[in-house]
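Inspection log for the structure reproduced underneath, given as structure tokens.
From a predicted model like this one, the values you see are computed outputs, not experimental measurements.
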Amino acid sequence: MRTVILQSLNDFDEWRGQARELLRGGVSPEEVIWRDPKSEPGLFEQTEQEIQHAGKNHPVGAVPPAFMALARTAVCHSDPERFDLLYRLLWRLQADRGIIEVASHPDIVRLTRMESAVRRESHKMKAFIRFKSIVDDSGLERFAAWFEPDHYVLEMTAPFFERRFTGMMWAIVTPYSSAYWDGETLAFGDGGTKADVPPDDAVEEDWKTYFASIFNPARLKVAMMKSEMAVKYWRNLPEAELIPALIRGAKEAEQAMIERTASQPPSHHLKRAERQAIDKEQQSEITSLADARAAVQGCQRCPLYEHATQAVFGEGPENADIMFVGEQPGDQEDLAGKPFVGPAGKVFDAAVEKVGIDRSRVYVTNAVKHFKFEPRGKKRIHRRPDAGEVTACKFWLNLERAFVKPKVIVALGATAATSILGKTATISKLRGAPIAMEDRTVLFVTNHPSYLLRIPDRNLAAVEQAKFEQDLALVRDHWHTLNN
């Protein structure tokens with residue numbers, strides 16, 4: 001017997017490489033024992049380093065794409081016999097490629113079920129991850145989540161969270177592996193325990209509030225709910241502790257819903273109509289950039305005005321060719337009433353000067369005009385504005401664009417890019433090339449300078465600084481092209 005000890009629990013390419021070597025050596029499935037890092041070796045097993053092919057060099061034929069697609073997913077299953085099953089099928093496919101089409105074959109049935117189970121577990125992971133906020137002494141906010149999957153699905157699922165939460169730094173910890181996204185790179189490491197994720201925070205209460213608000217007692221079907229939101233996940237879901245009480249009170253809640261049947265349009269519809277009317281009225285009153293700068297101080301379009309010192313409007317020439325758009329004012333900007341005067345502003349000023357853009361000739365502003373923060377003792381810790389706040393403040397950004405009429409807009413960070421494009425933006429996918437806009441302006445996307453301040457590794461910080469300056473150089477070159 002030959003034993004192949006794999007270094008990874010779910011690396012398809014590693015398994016395929018070992019399998020091809022075995023096929024070349026003419027080693028049949030009955031002669032191989034596959035082990036992953038969690039398996040215990042047998043007393044008399046021969047390791048892969050001792051496998052000898054005795055001079056054999058059998059040709060390895062191509063296999064059907066359908067097998068490759070199934071195998072790439074099924075390798076993430078937790079069944080300890082998954083590698084044996086895959087090699088057994090791979091061996092048979094060398095002689096009969098048509099076996100993959102035999103849906104009733106026991107091995108094909110088993111492989112298909114394993115693939116379905118893995119995909120289902122990946123879907124549940126996307127649905128039941130609950131991030132918790134972590135803020136360090138410097139004010140940097142990160143997020144972490146704990147999840148206990150039945151199968152090894154973290155690596156195949158993590159890219160979804162990279163796309164979904166590009167703008168925040170997060171970690172997902174599972175018992176077998178961990179994933180970390182720093183805003184630029186997705187990395188994987190060792191697994192951990194639930195204790196590695198902080199205890200309940202304000203986000204937990206948000207989940208409970210959200211779940212209670214969407215719970216519809218008139219449509220309650222407990223069996224269906226448990227099939228979609230399996231009980232095994234409940235122990236890690238903050239909202240799950242509400243479920244027993246919500247079920248018990250469903251009948252009374254349903255009756256109360258019937259008694260207060262709506263006789264007028266929903267409140268959100270009325271608020272939207274009211275907002276549109278206010279927008280029309282304000283637009284007719286605001287006829288210049290100076291009018292907009294004065295009017296923004298009375299803005300109450302979202303709750304951020306309640307705690308910020310003042311609204312921070314844009315600054316620069318009214319006919320500037322280039323407009324830089326950041327995320328929101330920081331602590332120092334909120335106090336000074338001017339954009340980009342804090343630490344990130346100093347990084348921005350230095351980079352702009354270095355690449356040869358005249359700072360006095362550009363217009364700088366933010367997607368959100370009020371400082372969003374969380375008080376921590378005597379400090380005010382920056383918090384990222386949500387989609388509703390960004391949308392509410394787009395009224396003011398649109399006015400700035402209309403009055404300044406820039407030829408080039410530079411989005412500093414994902415929030416600014418999302419506000420301008422009207423959809424979720426990923427910096428790594430958009431930076432490095434101009435984007436033509438409907439109003440004939442050209443958009444460039446790069447990191448916010450505050451990102452450079454948050455990188456602890458000096459070498460990495462230098463690399464990212466160079467990339468930032470390279471992006472600004474592209475803006476400069478395009479600007480010069482327009483003016484020549």
Side-chain angles (χ1 to χ4, degrees), residues 136 138-142 166-169 182-185 312-316 320 322-373 380-385 390 397 400 406 408-420 425-432 443-479:
D136 60 23
S138 68
L140 178 62
E141 185 177 31
R142 297 182 177 89
T166 302
M168 71 186 202
M169 302 172 69
D182 64 358
E184 291 290 329
T185 305
V312 180
F313 205 64
E315 195 171 65
I322 305 177
M323 175 183 286
F324 287 91
V325 182
E327 179 189 88
Q328 65 167 341
D331 182 77
Q332 293 186 33
E333 288 82 1
D334 172 74
L335 297 174
K338 295 184 176 182
F340 287 85
V341 296
K346 291 180 173 60
V347 172
F348 171 74
D349 289 346
V352 165
E353 181 181 359
K354 183 175 180 180
V355 302
I357 296 176
D358 187 346
R359 175 69 166 79
S360 66
R361 295 179 61 188
V362 303
Y363 188 91
V364 293
T365 187
N366 286 293
V368 174
K369 308 306 183 191
H370 286 104
F371 178 35
K372 182 176 182 178
F373 63 90
R380 299 190 298 175
I381 307 302
H382 163 276
R383 288 186 62 192
R384 186 179 299 277
V390 173
L397 181 59
E400 289 177 297
V408 179
I409 300 176
V410 185
L412 302 171
T415 299
T418 298
S419 176
I420 295 166
T426 304
I427 296 173
S428 59
K429 294 180 180 178
L430 296 177
R431 74 189 308 175
L443 172 68
F444 287 87
V445 177
T446 185
N447 285 319
H448 195 284
S450 63
Y451 167 71
L452 305 176
L453 295 172
R454 298 197 302 265
I455 303 174
D457 184 279
R458 290 187 177 182
N459 293 329
L460 179 58
V463 171
E464 291 300 324
Q465 177 75 31
K467 289 167 65 177
F468 181 64
E469 292 170 1
Q470 184 179 7
D471 289 340
L472 294 183
L474 290 174
V475 174
R476 176 204 62 203
D477 293 344
H478 186 83
W479 181 32

Self-check item: Close side-chain approach of Phe313 to Glu400, heavy-atom, < 4.5 Å
Solution: yes
Quiz item: With a cut-off of 6.0 Å (strictly less than), are more than 12 heavy atoms of other residues, nucleotides or ligands near NZ of Lys467?
Solution: yes
Quiz item: Between Arg361 and Ala320, what is the shortest heavy-atom contact and its length?
Solution: O-CB, 3.5 Å
Quiz prompt | Gap between atom CD of Glu315 and atom CZ of Phe324 - 0.5 Å precision | solution = 14.5 Å
Practice problem: Looking only at non-hydrogen atoms, find the nearest pair between Ala414 and Gly167 and report the distance. | Solution: CB-CA, 4.5 Å
Self-check item: Note, Val390 side chain near Thr418 side chain (heavy atom, < 4.5 Å)
Solution: no
Quiz item: Does any non-hydrogen side-chain atom of Ile322 lie less than 4.5 Å from one of Phe444?
Solution: no
Quiz item: Do Val325 and Ser419 touch side chain to side chain, with heavy atoms closer than 4.5 Å?
Solution: no
Self-check item: side chain to side chain contact (heavy atoms under 4.5 Å, CB included) assessment of Ile420 paired with Leu397
Solution: CA-CA 9 Å; Ile420 295 166; Leu397 181 59; 4.2 Å; yes
Self-check item: Between CD1 on residue Ile381 and CG on residue Leu140, distance to nearest 0.5 Å
Solution: 10.0 Å
Quiz item: Which distance, rounded to the nearest 0.5 Å, do you find between the CD1 of Ile409 and the CE of Met323?
Solution: 6.0 Å
Quiz prompt | Residue pair Phe371 / Pro329: nearest heavy atoms and the distance that separates them | solution = CD1-O, 3.1 Å
Self-check item: Side-chain donor or acceptor of Asn366 paired with backbone N/O of Val368 under 3.5 Å
Solution: no
Quiz prompt | Distance in Å, Asp334 CG paired with Arg380 CZ, rounded so as to fall on 0.5 Å steps | solution = 4.0 Å
Quiz item: Roughly how far, to the nearest 0.5 Å, is CG of Leu412 from CG of Asn447?
Solution: 9.0 Å
Quiz item: Does any N or O in the side chain of Arg476 come within less than 3.5 Å of the main-chain N or O of Gly356, such that one atom is a donor and the other an acceptor?
Solution: no
Quiz item: With a 4.5 Å limit on heavy-atom distance, are the side chains of Phe373 and Asp331 in contact?
Solution: no
Quiz item: Which atoms form the tightest heavy-atom contact between Gln328 and Arg383, and what is the distance?
Solution: NE2-O, 2.9 Å
Practice problem: Decide side chain to side chain contact (heavy atoms under 4.5 Å, CB included) for Ile427 and Thr166; before the verdict, give the C-alpha distance in whole Å, the side-chain angles of both, and the deciding distance to 0.1 Å. | Solution: CA-CA 8 Å; Ile427 296 173; Thr166 302; 5.9 Å; no
Quiz item: So do the side chains of Pro385 and His370 get within less than 4.5 Å of each other, counting heavy atoms only?
Solution: no
Exercise. Give a yes or no answer on whether the side chain of Glu464 reaches the backbone of Ala461 with a donor-acceptor pair at less than 3.5 Å.
Key: no
Practice problem: Work out which heavy atom in Ala344 is nearest to a heavy atom in Leu453; give both atom names and the distance. | Solution: N-CD1, 3.7 Å
Quiz prompt | side-chain hydrogen bond (donor to acceptor under 3.5 Å, both in side chains) partners for Glu327, two or more places apart | solution = His382, Arg384, Thr415
Return all side-chain donor-acceptor pairs below 3.5 angstrom for residues 345-353, not counting sequence neighbours, or 'none' if the list is empty.
from   : atom 1 : to     : atom 2 : distance (Å)
Lys346 : NZ     : Val341 : O      : 3.4
Asp349 : OD1    : Arg359 : NE     : 2.7

Practice problem: Taking the side chain as every heavy atom from C-beta outward, state whether Glu184 and Leu460 have any atom pair closer than 4.5 Å. | Solution: no
Quiz prompt | Exercise: identify the closest heavy-atom pair between Ala417 and Ala425 | solution = CB-CB, 3.5 Å
